[in-house]
Amino acid sequence: MEEISPGLENVYIKYTELTYIDGNNGIMRYRGYDINELAQKSSFEKVSYLMLFGKFPDEAELKAFKSSINKNLALPDYLKDILRSLPEKSDSLGILQTLLSAKASEEGNYKYDRENDIVKIPEILGNVLSMVANIYRLKSGNNIIDPEPGDSYAETFLKACFGSTDKDSIKSMDSALILYMDHEIPASTTAALVTASTLSDMYSSLAAAIAALRGPLHGGAAEGAYRQFLEIGSPENVNEWFKNNILSGNKRLVGFGHRVYRTYDPRLKTFKKYADILSKTEEQKNILEIARKLEEAGVNAFGKKGIYTNTDFYSGIVFNAMGFPVDMFTTLFGLSRISGILAHITEYVETQERLIRPRAIYRGEKERKYPE
Ligand code: ACO
């Protein structure tokens, strides 16, 4: 007797050597390395290379990887035209999805192998940096530019967005890019895997991933958590708000709970550190204080059920303190996820290739006559 597994829960569709998660003990590792150690000591470029190619790059490999990314920072004119022509109300993640699809239109068939990947993947990383930076620029009333290469991916990105940046923001951005890079195979990465399993090209697979990320059940929790803090307005209002909105059962506490973790999300540690370092204005400190009080109330109420703070509770505070508006949070998450998604699709197609084609159990009408 066939059975379905709703939401594909507990269905395994690939082997992976990329990300290990122990949800009961709050452990997360990329290729065996602790996630917070990587965020502290490494860089986005090195960790991307590790995820994509299985080892840290040596000096020459790192130089070549960075230089290929930097050669691909200028968007083709037709993408700039598309950017300018989209309606003002378009949301930033929707624009990213559109640009990735547009780029896919000139791709043709892609032959998945290591020799092609080492050329194609840095091209994509350069392109997507420029797409996201220009989405931010356009939405904040600035002109579209070809980003100038900085010393790192994080620096290039922040300078492209804001014109200038500082050491703490660069380190925080670099860490955020690493912490959000991969999380095994959530809905977005699975959408990319399904697409790539047909041997569709990388940009099409990424567009599918971003389409899945857009839904409120997946991306968007960092935005939701931050909007919660804005609604509360002041640390003195936290307990009252929590009682009326959360304990009453009217709403879920956004930034709390996770399908995999039964304790604190391990990525939180580093996000909390940078939330503390970057929150300098009175307004930023106020938001951070609200978050801390709300976290305490949430852990007191739900900790015994295994519901703890997830990474999105603090990541929005970090992104906002760097200068990004709430509408950009999920798009920054998307930018960070690109190399993780590419690592999963190349790992799958190049080592375990099999078209992903599940079945559905038919339970409709039996054979019927067409009404004459
Ligand atoms: N606030 C209050 N109660 C919660 C929360 C929460 N944030 N999360 C779970 N619960 C409760 C549920 O009400 C339910 O209680 P019950 O058993 O008494 O009915 C119980 O915990 C189990 O909830 P489920 O929805 O079955 O748990 P699931 O594992 O499916 O939920 C999810 C995971 C969707 C993330 C959930 O915790 C949630 O909605 N959180 C808020 C949104 C959020 O922060 N999302 C970000 C996820 S992390 C990320 O994407 C990086």
Side-chain angles (χ1 to χ4, degrees), residues 5-11 19 21-24 26-28 30 35-36 39 93 175-192 209-232 238-239 241-272 275 290-291 293-319 326 328-338 340-341:
S5 175
L8 295 183
E9 200 165 357
N10 294 321
V11 172
T19 297
I21 303 172
D22 173 349
N24 291 325
I27 295 170
M28 184 176 159
Y30 292 158
I35 182 78
N36 287 303
L93 200 62
S175 295
L177 288 166
I178 294 170
L179 293 168
Y180 269 136
M181 188 177 293
D182 191 40
H183 208 226
E184 210 212 54
I185 50 168
S188 48
T189 310
T190 302
I210 297 299
L213 187 66
R214 286 192 76 193
L217 293 186
H218 188 7
E223 184 175 331
Y226 196 86
R227 289 199 193 282
Q228 234 168 213
F229 307 146
L230 292 176
E231 186 186 318
I232 294 170
V238 167
N239 291 339
W241 183 91
F242 190 74
K243 197 169 103 210
N244 295 339
N245 291 277
I246 308 297
L247 289 181
S248 63
N250 286 342
K251 291 181 187 171
R252 282 194 175 193
L253 184 57
V254 184
F256 257 69
H258 199 282
R259 178 63 63 79
V260 180
Y261 296 114
R262 290 291 161 260
T263 181
Y264 290 100
D265 183 325
R267 297 167 290 182
L268 261 182
K269 189 173 146 194
T270 302
F271 272 118
K272 271 183 166 178
I290 294 171
K293 278 197 82 173
L294 191 59
E295 179 179 23
E296 197 185 324
V299 171
N300 285 339
F302 303 125
K304 49 189 172 299
K305 284 173 78 179
I307 299 167
Y308 283 89
T309 337
N310 65 52
T311 191
D312 292 339
F313 200 78
Y314 283 95
S315 63
I317 297 180
V318 174
F319 289 141
V326 181
M328 281 297 292
F329 294 173
T330 316
T331 309
L332 297 171
F333 175 7
L335 170 69
S336 317
R337 213 21 90 78
I338 299 295
I341 293 170

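Only heavy atoms go into these numbers, but all of them, side chains included; no hydrogens, no water, no symmetry mates. Atoms within a ligand are numbered from 1 in the order they appear, just like the ligands themselves.
- Summarising the geometry of Ile178 relative to Ile35, their closest heavy-atom pair is O-CD1, 4.1 Å, with the distance given to 0.1 Å.
- With a 4.0 Å cut-off on non-hydrogen atoms, Phe302 touches ligand 1 through its side chain and not its backbone.
- Considering backbone and side-chain N/O atoms, Arg259 comes within less than 3.5 Å of an N/O atom of ligand 1.
- Phe313 and Phe229 have their aromatic ring centers within a separation under 6.0 angstrom.
- Each of Leu332, Leu335, Asp312 was scored for a side-chain contact (heavy atoms from CB on, under 4.5 Å) with Tyr180, with one residue passing: Asp312.
- Closest heavy-atom approach to atom 44 (O) of ligand 1 within the set Gly298, Gly255, Ala221, Gly224: this belongs to Gly255.
- Nearest protein neighbour of atom 34 (C) of ligand 1, counting heavy atoms only, is Arg252 NH1, 4.2 Å.
- Protein heavy atom nearest atom 41 (C) of ligand 1, with residue, atom name and distance: Phe256 O, 3.3 Å.
- Using a 4.0 Å cut-off between heavy atoms, Lys305 contacts ligand 1 through its side chain alone, with no backbone atom that close.
- Distance from atom 11 (C) of ligand 1 to its nearest protein heavy atom, with residue and atom name: Ile307 CD1, 3.4 Å.
- At the top of the distance list for atom 7 (N) of ligand 1, counting protein heavy atoms only, stands Leu253 O, 2.7 Å.
- Atom 35 (C) of ligand 1 has as its closest protein heavy atom Gly257 O, 3.7 Å.
- Looking only at heavy atoms of the protein, atom 48 (S) of ligand 1 is closest to His258 CD2, 3.3 Å.
- Between Phe302 and Tyr308, the ring center distance fails the sub-6.0 Å criterion.
- The distance between the ring centers of Tyr261 and His183 falls below 6.0 angstrom.
- Of the protein's non-hydrogen atoms, the one nearest atom 47 (C) of ligand 1 is Asn310 ND2, 3.6 Å.
- Of the protein's heavy atoms, Asp312 OD2, 3.7 Å lies nearest to atom 50 (O) of ligand 1.
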- request: Start with the C-alpha gap between Asn310 and Leu268, add the side-chain angles, then the distance that decides, and say whether side chain to side chain contact (heavy atoms under 4.5 Å, CB included) holds.
  value: CA-CA 7 Å; Asn310 65 52; Leu268 261 182; over 6 Å; no
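- Judged by distance alone, the side chains of Asp265 and Thr311 never bring a donor and an acceptor atom under 3.5 Å apart.
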